[in-house]
Amino acid sequence: MTGAEASALAIAAAVRGRQVSAREVVAAALERIARRDGAIHAFTHVHGEAALAEAAALDARMAAGQDPGPLAGVPFAVKNLFDVAGVVTLAGSKIHADRPPAALDAAAVAALRRAGAILVGCLNMDEYAYGFTTENAHHGITHNPHDLTRVPGGSSGGSAAAVAGGLAPLTLGTDTNGSIRVPAALCGVFGLKPTYGRVSRAGVVLFAASFDHVGPFARSVADLAAAFDAIQGPDPGDLACAERPAEPCTPHLDRSVDGLRLAVAGGHFARHGEAAALAAVQRVARALGVTREVELPEPQRARAAAMIITACEGSALHLASLKTRAKDFDPVTRDRFLAGALVPGSLYAQAQRFRTWYRGRVAEVFRDLDVLLAPTTPWPAPAVGALRAASQDGDAFTRSHLGVFTQPLSFIGLPVISVPLVAPGALPLGVQLVAAPWRESALFRVAAHLERAGVVAAPLGGAAR
Amino acid sequence: MSDAVRVTEAEVEALAALVGLSITAADRAAVAQQLAGLLGVARLITEFPLPDDVEPAPVFRP
């Protein structure tokens, strides 16, 4: 129960059943990180002795008769834009490295710790979450555990690679335009972008606040649900967090998909990907018996509006640093943040007005639909350096093309699970399961059904074996 | 996406000055390219007619 293959829930059951101590589990995880992360480079900070001490404290609480929580002893790690008490929150930057350590844990980190999980470290990302590759000029390149010559996706690339590499069974990331779903797909793991407002972002360095989301990564649907259930719910510390009670998804995993109205996304979502990415959707559709196709209205305009809002909000957030320390930005984010600061306000407001219109039209589509299937990315993982070179050679939007299928969905806060398909000898691909707001339970029912049917799974990457 | 928009380095320099940014000569070409890209995709929004009663999405709750 201390091996890389162990699921989070199996670890928690073993710790709670006293078959293994939390300290033994965490020590094994730290040993794996020390042995394998040199090649993957998912971690920018390893919690080390602090994690061992927290695990020992959990063992002591159990010995004293206290309930250690549903995720007792489960090692987890977080994208380095989450505050962790006592650790400097880098947000992938050089600039934030000069700030003092965080005083408190981010809300989602604190929630996982309350559930008994043990933080083992912080994970690499694109600077300030503005990227899809996790090739970071300051903190290094994270490599895909399924093929170390390829990127893991981004911006939560370290979060996906740590799970695919067997370094931690649970991680947290954030998703603004695809930053959970893209790396989940390219690394062959499960990733959930919950409904906007479902999970608190308190203590997280934001990017584009209008559609920043916090969510988990895992190698099984049940682990993903357990992590989501631990972190979801209202929080007055996040202005965007909804005042609605948590709706746990774990109880829905054993329900069948009977009665759910399913469809494949057509149009835009059937055009802009390689054949293999589109075939992955068809494989999932066949397994579910889905023949219906629906089109979302104006997804290209939605993507355009998402780009404008992202550029403006991200640039506004970092405007002071752009004025005084522009040279300290990663070269591939600096030009984009500077450009975003020059976009006229009328375009930003018009993009936000379009967002209202689009939200209404998509809501109409979901009146007779529960779950929509769409590809997560247009291609499998690109080679390290390929997209960075494209952006520097004048092809500014090739780099963002990885988000062609994810941006039109997070733009209006829809919940999405990216489920992994990993064929033997092939690179992983992902399929998005998309629902109406607050309908995560429908997504989990479909994901669990596909997992039971053997259609989706998250085997460890070769670098983990 | 819509037809390409052209932004010159001189325009970048002038716009940057208006918002209090100083963009180095070495960065201006890349920033011009990025800004042109953003203004290009923005046409997809501005050319799309919206009813007057469609408000911007964010809602402030006092």
Side-chain angles (χ1 to χ4, degrees), chain A residues 209-211 239-240 243 298 300-313 315-316 319-320 322-324 326-327 329 331-344 346-360 391-392 394-397 400 411-413, chain B:
Chain A
S210 283
F211 29 91
L239 285 174
E243 296 173 8
E298 306 291 351
Q300 283 278 36
R301 296 186 207 278
R303 185 166 177 241
M307 286 179 177
I308 297 297
I309 294 169
T310 300
C312 293
E313 293 188 358
S315 299
L319 192 58
L322 290 168
K323 288 182 176 178
T324 58
K327 66 178 174 38
F329 281 72
V332 298
T333 65
R334 179 172 57 226
D335 53 1
R336 286 182 290 163
F337 277 123
L338 286 167
L342 307 181
V343 173
S346 60
L347 296 183
Y348 173 80
Q350 194 68 357
Q352 288 284 16
R353 292 183 67 230
F354 179 82
R355 187 161 161 242
T356 297
W357 178 89
Y358 181 68
R359 169 185 176 274
S391 65
Q392 288 171 340
D395 186 0
F397 285 85
S400 69
F411 175 55
I412 50 168
Chain B
M1 298 289 166
S2 294
D3 293 341
V5 173
R6 188 173 139 70
V7 176
T8 66
E9 293 184 41
E11 287 167 336
V12 164
E13 190 176 10
L15 280 169
L18 289 173
V19 295
L21 276 172
S22 173
I23 297 177
T24 66
D27 286 333
R28 271 178 221 139
V31 174
Q33 179 198 345
Q34 290 295 335
L35 183 57
L38 287 168
L39 297 176
V41 299
R43 285 181 178 171
L44 285 171
I45 311 161
T46 54
E47 73 188 14
F48 187 73
L50 290 172
D52 287 350
D53 61 354
V54 175
E55 291 187 36
V59 174
F60 179 75
R61 294 186 192 86

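Chain identifiers are assigned alphabetically (A, B, ...) following the order of the sequence lines, protein sequences preceding nucleic acid strands; residue numbering begins at 1 within each chain.
A/Ala311 touches chain B through its side chain: at least one heavy atom from C-beta onward sits under 4.5 Å away, while N, CA, C and O do not. Heavy atoms closer than 4.5 Å to chain B are found in the side chain of A/Arg334, but not in its backbone. With a 4.5 angstrom heavy-atom cutoff, B/Val7 does not touch chain A via any of its atoms.
Looking at A/Arg353, its side chain does come within 3.5 Å of a backbone N or O of B/Pro51 through a donor-acceptor pair. Between the side chain of A/Thr356 and the backbone N or O of B/Val54, no donor-acceptor pair lies under 3.5 Å.
Rounding to the nearest 0.5 angstrom, the gap separating the OG1 atom in B/Thr24 from the NZ atom in A/Lys327 is 11.5 Å. In this structure, CZ on A/Arg336 lies 11.0 Å from CD on B/Gln33, to the nearest 0.5 angstrom. In this structure, the separation between CD1 on B/Ile45 and CD on A/Glu298 is 11.5 Å, given to the nearest 0.5 Å. With rounding to the nearest 0.5 Å, the separation of CG in A/Leu338 from CG in B/Leu35 is 10.5 Å.
With chain B as partner, the option from A/Arg355, A/Arg359, A/Arg301 having the largest number of non-hydrogen pairs under 4.5 angstrom is A/Arg301.
When every heavy atom of A/Asp335 is checked against every heavy atom of B/Ala30, the shortest pair comes out as OD2-CB, 3.5 Å. Across all non-hydrogen atoms, the minimal contact from B/Leu38 to A/Met307 is CD2-O, 4.0 Å. The minimum heavy-atom distance between A/Gln300 and B/Leu44, with the atom names listed, is O-CD1, 4.0 Å.
Looking only at side-chain heavy atoms (C-beta outward), B/Leu21 and A/Leu342 come within less than 4.5 Å of each other. The shortest distance between side-chain heavy atoms of A/Lys323 and B/Ser22 does not fall below 4.5 Å. Within the 4.5 Å cutoff, side-chain heavy atoms of A/Gln350 are placed close to those of B/Leu50. Side chains of B/Leu39 and A/Pro344 form a contact here, defined as non-hydrogen atoms less than 4.5 Å apart.
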